[in-house]
Structures are given as structure tokens and as C-alpha cells.
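A quick write-up on the structure given underneath.
Just so it is clear: chains get the letters A, B, ... in the order the sequence lines come, proteins before strands, and each one is counted from 1. Basis for what follows: all heavy atoms, side chains included, without hydrogens, waters or symmetry-related copies.
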Amino acid sequence: MATERYNPRDAEPRWQAKWNEENVFLTRNDDPREKYYVLEMFPYPSGRIHMGHVRNYAMGDVVARYKRARGFNVLHPMGWDAFGMPAENAAMQNKVHPKGWTYENIATMRGQLKSMGLSLDWSREFATCDVEYYQRQQHLFLDFLEKGLVYRKQSKVNWDPVDHTVLANEQVIDGRGWRSGALVEQRELTQWFFRITDFSQDLLDSLDTLDQWPEKVRLMQKNWIGRSEGMLIRWEIAENAGLTGEKDVTVYTTRPDTLFGASFLAISADHPLAKDAAAQNPEIMAFCEECRRAGTSLAALETAEKKGMDTGIRVRHPFDANWELPVYVANFVLMDYGTGAIFGCPSGDQRDLDFAHKYDLPVVPVVMPKDADAATFAIGDEAYVGDGVMINSRFLDGLSTEDAFETVATRLSAATLGNAPQGELKVNFRLRDWGISRQRYWGCPIPVIHCDDCGVVPVPKADLPVKLPDDVTFDKPGNPLDRHPTWRHVACPHCGKDARRETDTMDTFVDSSWYFARFTAPWEDNPTDPAAANAWLPVDQYIGGIEHAILHLLYSRFFTRAMQVSGHLDVKEPFKGLFTQGMVVHETYSRGEGARREWVTPAEIRIEELDGKRRALHLESGEEIAIGSIEKMSKSKKNVVDPDDIIASYGADTARFFVLSDSPPDRDVIWSEAGVEGAHRFVQRVWRLVSEAALSLKTAESRPGEEGDALAVSQIAHKTLKAVQADYDKLAFNKAVARIYEFVNALAAPLATAAAGKASPELASALCEAVGILIRIVAPMTPHLAEECWREIGGAGLVATSGWPAYQDSLVADNEVTLPVQINGKKRADLTIARDADQSAVEAAVLALEAVQAALAGQRPKKIIVVPQRIVNVVV
RNA sequence: GCGGGCGUGGCGAAACUGGUAGACGCAAGAGACUUAAAAUCUCUCGGCCUUGGCUGUGCGGGUUCGAUCCCCGCCGCCCGCACCA
């Protein structure tokens, strides 16, 4: 009986319509079953989806469908991270409105995602640029403001004088704006900040509770937060050189133990003391300017020479009033870490040592390795940064580094300078408060009003939303909100006088810092329904790219805490489980050189192989195209493969199955068409096997048939079920795929017997069950195929609403095991024996083996190692 | 520089963290079916020699009855942070 090939173009839309009709994936908040929240990082609507999206959402969908089958009430929503620069760039380049551009992209991409057959609750969909969403974000902002979690301060920013905008550090390339190419200036602007540093310690401590996060990500966050334990030490100014009125200067150090090795103080060019000095001395002024300019170029930092200038100011050593040290302005001291001032101990720090050599400052070794000889220990070109024993340090001599730290801390805390302690213990963090002001149009307006009389006035909640005006122009650089004729002019909510709206919008990272909470009740007037948020959160499984390991995840962790403080929910950590999936990468193709280089999409070329050499030829012109490096799929390099083509020719199931096969999900994959065909063969094979055997399986009981090993079929079915279940639990999709292949390979012969109408009733019944298991374990990956097969075998209802089958322990465990038998560690034979055979029984059986007898040649073995149910090793 | 990870066939990768190395898939080769093609099926497929072995998980040592896995020392690649006091 010839079976028709499975036709995804017919089947997939049919089942998608069916799921939709029956509201299979709508999630109710009042469902009594245990909850499971699975979320993939929502996409930026850049235009079309690419294979990276397919991989991300296929993984999430497997988890969602699997957990649904396991009986959980699954929340699996989708939305759009829709504010951001590309929309404004498109507006400037193509004269389209950011709003129109964004919503059109969303419509396209939504259609593409729907064609993948994802089990999403589309009723909860939103875009962050929806007024309904950003209104609630403004609400949150106001609540944070009230709780003191938001503040304004002057801050240095990278300012592009051509585009009239602030640039993020990564948008400054070699000191120039990435778009305009203009030299970037450092400007002081008043900006809004979120007080993320209020939670530094908690954000650090709680990392330990996130045991379902990759170790790597936790470590990255830990380093980013950057906790260090040290001291603040105040140094009395002995000589001000007529440059400052200050009486003392405070430094931060993690090595107070090395205090007797100090030979200079260094301060940042932005330190108040440096500013005082610069005001009095043009040379210092010039040097400070130079330091600031150098600071803009990120790459230059690496190689930048350590430079300093002696200010002439002198300070007294905290433990010796007669010991004076020079104060330098130095280009390597950062104003925003510690106090912007350090003491230099050249023997214990490589940078300080280089600096000391350059400016002829003393180098006194104060720490030596435990086993070194104090008489001969010296510092050459390399500082000794390790722990050890104190030397040349007066009352600290002989102490360990650790004890010296304690001693100095105790003494300085007790001592006073003026009327304050001379030193205090201080924990310092690298983490900075989060600046959220952006001088851009396409973002969430910051809901405050500036009044000449009342100052900064929050917009009353009743007046929300502060809506973005639609009638804006992009013909000039700068923020369109600034030059809008009317939008910024409003009355002060306090006094009613003319006032001005804040025209800055929020960093788009704010939008993505709480969307996962909004999904729990997107219909709410308030930002959240706390009951719903508390019930659903934390997200049980969050899936996304490693590129968000720090910022997005840290900001979301902060937001959750801030929302807890302001009563919007009552959990601390937003994401219980995190999985970082690998990228989909592809070769790049280009023609032309230098500035004229033009990228070519894979769709426009064909690859030819000649004498082992691969060549790329342009389809239209036949011209040879250069094959470039393998990189992450991106619009700019055009090395994207549009899933539409693959879905159109092979179907969504094949695309899904392929991206889940072969490679571990956390590793990058190189896209290859050959792999797609392999996956498609599997889809067709499952369909053929199931459909060919389906009829005879149903009728087998009525007639006698050939013997078949029904038990073997049941055993592999249940073993596979158990293993695949474990793989899905661990998100090891590639291993699940391999096991399913093995399973299908094992079923092929018995199913052929059945298809020929020769299966015994026992075999037919075992096959019936096995096929049912097969359909349900492939269903999370290839859901349309599963439905089609399910109908073919006469399954009740939909696979999508069927439960997960339970494996039987008795069928999973074998009564007999086959042990490899090694002689001196090399495998020489197999031994099949009862599973519960004891040591002596196994030994006896092993000694009886021909191969063992031959190896022993009549001798007694030295040793026999029996690892139960695993291996036997005979040592001769 | 600091921190982390990885290195297994022609390719993507498995191997229950000390127990048969290379499961499964891709590619390749041979064959069957076919007028032919597609589809499908069967077999081969790390390397070296003659059956049977030997050898093999980046390289060199070590621990162990037994090492892809643990320890020491190299080599190579990738990622993150980067003047953090």
C-alpha cells in the first residue's frame, strides 16, 4: 500500500487553525493546576525573523509543550521589545515614521512566528511601544521616584555634536560617533538614574540562590557587581602649594597593609583637589584636559602610557607626621571608583611600580613571600602582588598580610584627623547607578515636568500616560521632542505656571526589565496585578542569548526588587531557571573591496565544489563571490537565512527539528541546508512508518500473525520515553533527538511486519503503544506531524491536549545485563548474566569464559574487579 | 593583564562526571529496487597491518585494575571584564 508523502504545507496551517479554534494555548490565571512559566527573550522587531529566532523559540516551545503535557498550567507568552534606535534610523533614512515602521515589522514577524506553530498565548501579546504598556512603565517610574529609587544628577556623557545626542560607550569608536563620525565630546548633563547600587550586596548575595542559572552567567554578574573590601584613609595635607583650601584627602585602598610602602598619592583629573589645582595652575589645567580627552577613546586605554603630574601638594603619612608624600594628578585614576584618589605602593602593584620608575619615586618592599629571605628580597621590574610576610613596615614587621590589614584598620579607626576617624573599613562596589536618560524620540517619555518655581515635578498619575506625539520630524539631528512646537509646553501641575516637559526618554533596557511581570496580567490598569504576578513569578525557565548575561538580567533583577519595594509584586528574583542558547552562524559572502565591498545574501549564490575547493558563484551573473568568515546572522552582513524559505519548502516541523538536532543547545551552530534535508527525511520517515502500519495495527487482533518480539518493542519504547523525558527536563534536545532516531530505527522492522499484515496480536498491541509513545515524545519538537500521526492512528482529541505517557519501571530495567569483560583493562569478551548476580557468581562466570581462560593460561588471576552492572576487569 | 570555558572521525556530536570511545545524524562509497530518476531499503565508513590484532579523545608526564573524565606541565582556540586602587 503506497502512502502519500506527508505534506506540511497542507497539514501545518490546518493544525494551527485547529489549535487556535479550540483555544488550546490560552492560559487562565485561575487554572488550579501547578504553574509553569516559560519565557524566551522577546524579539526586537527589526523586520523579519532569522534562524536564531527559530532556534530560540523552538527550544522554548518544546519546554512549553512538554510541561503542558506533564500537567502544568503553562504560561508561554510573546511580545515585542519595540522601542529603540533602529526605528529612528529607518525614519531618517527612509522617511517612514518609527511607529509605522515598528508596527509593520511586528505584523510581519508575528506572521512568521505563527507559521512556526508555536504554542503561545497570543491573547497576552503586547509591544513595549504600546501606550498601554509604557503608561504603566511611567507609573512604575513615579512609584520608584517616590521610594527614592530614582534621582537626577550631573553626569559625564559621550556627546555627539553632529547628531546632538548622547552615545553609549559602545557607540563611540576611536573617539568618534559611530554614525556621524564626529569627534565625541565629554559633556556634563543632568540625567536620571535608577539606584541599582542600593541593592549591590543583595544582587550579589542572591546569585548563590540561582542554582538553575549557568555558572558562567553568575560569575559574570558577580564580577560586574565587583565587591571589594578595603579602607578609606584620610591623609592630612601638609603643604597646599597655594592650590587648595582642603585640609585632607581621602583615598580608597584594598591594601592598607602596604601603607609603609607608599611613596605617592595619585588623584583623578576630575578630583575636586585636581580641579582646585587646575584653577590656580595652567600647566595642571592643561594636563587635566589631556587626561579627559584620552578618556574618551576606549581602545587607547589599553596601551595608554601611565602619566602623572606632581601638583606640588604634599600629604602626611597617617603613621608618621614627619613623612611627606607628593600628590600627583594621574591619567589612570578613575573618578567614579572609590574616592578618585589612591596611594601608590610601587612594590606591591605593577602599575604603581611603573609609575614610580618613571617619576623616580621610592620603591620599598613591604611584603615578601613566606619563604623569602628578608635580607635579600628586592623588587626589580616586577611588583610582588601576593600575600606574605610584612617587612620594612615598623610595627607591622613579621605579621601576615591579613594580620597587618587588621592592625592598620584597628589603629586608623581609633585615630582621628580633625574630628573624624582617620580611617574606616569600607566595602566598595564596581557597579554604578543606572543612567536611563536618552535624548531620543522612540522611547518611553520620562513623566516629569520642569517648573522654574517648583523645580522637578512628577506628572500626577491621573495625567498618565505622557504620550509620544505622532507629528514629529526627523529632518534635523537631535531629539524631535525638543523641537516639537507644542508638546513640551505644559502647565506646572503644582502652581499652574508655564513649565516644560522632560524631553528625555528612557533607556530601552527599562522596557525589557519588567515585561515578564506584565505578561502575568497584561489587561491590568496598574502595572501588575500583584496576585497574578506573585502566582506566576519567578519565570521557571527563561531562554535567551548569552549576550544578555549581564545588563538585561541584572536590570531585571533590580527592577523586580524595586517593584517589590513599591508593592507591585512580592518576589525577589525574576528568573528561577536560565538557559543561554547558542547563536546560529553562517558564512559571509561579499564582492568588491574596501569601501565598495558589498555583502551578498546566501540566497543569491550557489556553492560549487571543485577539486576540494569551495567556490561561491552569484546566481544571476555567475560572478565569483568571496567567501568570508563565519559570523552570527545579522542584517548588516546579510548572512541571514530567512526561515520562510525553509518553512515553505520543508515545513515548520523540519525547521524546528533541525535547529534542535545535532548541536548542544548552548553551543553555536553553523547553518547548513544538508542538515535540513536530514531532518526532513526524519519527518517523512515517521509519517511513512506510522501511516503504513496504522491500519493493520487496528485490525491485527482479529487474525493470527507471525511471531515478533513484542517485549523488545515495549522495552525500547519505555526506555526511550524515560530517557527523552530526562533530556527534555535538562533541555538536552540534541540527545533527545538522537534517542528518538534510535527508537525509530528499532521500530522500523516490526512496523514493516505489521504493515505487511503479519504482526501477531501481541506485537501489534506493543507496536500500538510504542507508536503512541513515539508520537507524544516527538510532539514537542514536531507538533504538526504529531497531530497528523495521532489522527492517523485514531488517537482521541489532540496531542496538544493529551497528557504525557508514564513509563513502566519493569520495562525499563532489564533482567539480564551484558557486562564487558576486560583483561588488564582491554575489552576481550562480553558476559551476559542476571542483573542481580552477586560478585562471586559474576567472577565464576567470567573465569569460565574462553577468552579469559586463554589469557590466564592456567594461572590464577591477580585480581578481579567487578563493578556491579557495569564492567568486569581481570588483572593477570 | 584578570576571570571563565573549550580541544574527541571528513563534519555536527555522544559517552550515565573514573568503567565497552565515536551512540545518533550529516557527508562519502558500494549494492538492491527501477526503463530511468526521485524516493526507499541493505552494507561499509578513526588510523595502521594479512584473518586477529595494534593504535587512537591537542601535546608530555602522573595517579589508578581501568583516564575523554582526576592531578602537574605545555600548546592552540573561544568568551567576558578590562587602568577597579
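Its glycosidic angle being within 90° of 0, B:U17 falls on the syn side. Glycosidic torsion of B:G10 falls outside 90° of 0, placing the base in anti.
Considering only the side chain of A:Glu742, B:C24 comes nearest among B:U20, B:C24, B:G12. Proximity note for A:Ser663 (side chain, C-beta onward) versus B:G12, B:A39, B:C79: the nearest is B:G12. Side chain of A:Asn734, nearest nucleotide from B:A14, B:G80, B:U40: B:A14. Looking at the side chain of A:Ile550, the nearest of the listed nucleotides B:A14, B:G80, B:A85 is B:G80. In this structure, of B:C79, B:A15, B:C84, it is B:C84 that holds the atom nearest to the side chain of A:Arg351. Out of B:U20, B:A85, B:U55, the shortest distance to the side chain of A:Lys826 is found at B:U55. When each of B:C24, B:U20, B:C16 is scored by its nearest atom to the side-chain atoms of A:Gln822, the top-ranked nucleotide is B:U20. When distances run from any side-chain atom of A:Trp224 to the nucleotides B:A13, B:C81, B:A85, the shortest one goes to B:C81. Each of B:G25, B:C79, B:A39 was ranked by its minimum atom distance to the side chain of A:Arg5; first place goes to B:A39.
Among the heavy atoms of the strands, none lies under 4.0 Å from A:Arg432. Within the nucleic acid shown, A:Ile865 comes within 4.0 Å of at least one base atom, counting heavy atoms only. Residue contacts for A:Val333: at a heavy-atom cut-off of 4.0 Å it reaches a base atom on one of the strands shown. No engagement by A:Arg227 is indicated, since no non-hydrogen atom pair under 4.0 Å with the nucleic acid exists. A:Gly675 comes within contact range of no nucleotide atom at all, as no heavy-atom separation falls under 4.0 Å. Residue contacts for A:Val875: at a heavy-atom cut-off of 4.0 Å it reaches the sugar-phosphate backbone alone, with no base atom in range. A:Thr253 comes within 4.0 angstrom of sugar-phosphate atoms only, judged by non-hydrogen atoms across all strands, and of no base. Residue A:Arg739 is out of contact with every strand shown, counting any heavy-atom pair closer than 4.0 Å.
Salt bridge annotation for A:Arg234-A:Asp248: present, with a cationic side-chain nitrogen under 4.0 angstrom from a carboxylate oxygen. Looking at A:Arg739 and A:Glu742, no side-chain N of the basic residue comes within less than 4.0 Å of a carboxylate O on the acidic one, giving no salt bridge.
An OP1 or OP2 oxygen of B:G66 is reached within less than 4.0 angstrom by no side-chain nitrogen or oxygen of A:Lys863. OP1 or OP2 of B:G25 sits under 4.0 Å from a side-chain N or O of A:Asn745. Regarding contacts with the backbone of B:G25, every side-chain N or O of A:Tyr741 stays at 4.0 angstrom or more from both OP1 and OP2. Contact check, A:Arg681 against B:A27: a side-chain N or O comes under 4.0 Å of OP1 or OP2.
Counted within 6.0 Å of CZ on A:Arg432, heavy atoms from surrounding residues, nucleotides or ligands total more than 12; the atom is thus considered enclosed. In this structure, A:Lys222 places its NZ atom where only 12 or fewer heavy-atom neighbours from other residues, nucleotides or ligands lie under 6.0 Å away. A:Lys719 NZ: more than 12 foreign heavy atoms inside a 6.0 Å radius.
With both pairing distances under 3.5 Å, B:C16 is matched to nothing as a Watson-Crick or G-U wobble pair. Base-pair partner of B:C2: B:G80 (Watson-Crick or G-U wobble, both distances under 3.5 Å). Under the Watson-Crick or G-U wobble criterion, with both distances below 3.5 Å, B:U8 has no partner in any strand shown. Checking B:U34 for Watson-Crick or G-U wobble geometry (two distances, each under 3.5 Å) identifies no partner in any strand. Across all strands shown, B:U55 is found opposite B:G46 as a Watson-Crick or G-U wobble partner, with both distances under 3.5 Å.
The interatomic distance linking A:Asp668 (CG) with B:C77 (C1') rounds to 13 Å, in whole Å. A:Met220 places its CE atom 12 Å from the P atom of B:C79, with the value rounded to the nearest Å. Between A:Asp666 atom CG and B:G5 atom P the separation is 14 Å, expressed in whole Å. A straight line from CG of A:Leu660 to C1' of B:A13 spans 15 Å, rounded to a whole angstrom. In this structure, CZ of A:Arg828 is placed 15 Å from P of B:U20, rounded to the nearest angstrom. In this structure, CG of A:Leu819 is placed 11 Å from C1' of B:G19, rounded to the nearest angstrom. Distance A:Asp662 CG to B:A27 C1': 12 Å, rounded to the nearest Å. The interatomic distance linking A:Asp349 (CG) with B:A82 (P) rounds to 19 Å, in whole Å.
When the nearest nucleotides of RNA chain B are assigned to A:Val867 and A:Arg667 by heavy-atom distance, the more 5′-ward of the two goes with A:Arg667. Take the nearest nucleotide of RNA chain B for A:Ile871 and for A:Asn223: the residue whose nucleotide is more 5' is A:Asn223.
Between B:G62 and B:G9, the distance separating the two C1' atoms is 28 Å to the nearest Å. Between B:G56 and B:U17, the two P atoms lie 26 Å apart (nearest whole Å). With P as the reference atom, B:C26 and B:G61 are 39 Å apart, rounded to whole Å. Here the separation of B:C77 from B:C72, taken at their P atoms, is 23 Å to the nearest Å.
Judged by atom type and distance alone, A:Arg430 does not reach the base of B:C81 through any side-chain donor-acceptor pair under 3.5 Å. Between the side chain of A:Lys306 and the base of B:C83, at least one donor-acceptor pair of N or O atoms lies under 3.5 Å.
In this structure the side chain of A:Phe355 reaches within 4.5 angstrom of the side chain of A:Phe332, judged on heavy atoms.
Of the possible polar contacts, one joining the A:Asp433 side chain to the A:Ile196 backbone as a donor-acceptor pair under 3.5 Å is found. Formation of a donor-acceptor pair under 3.5 Å by the A:Gln221 side chain with backbone atoms of A:Leu204 is not found in this model.
For the atom pair OG1 of A:Thr253 and CG of A:Asn428, the computed distance is 11.0 Å after rounding to the nearest 0.5 Å.
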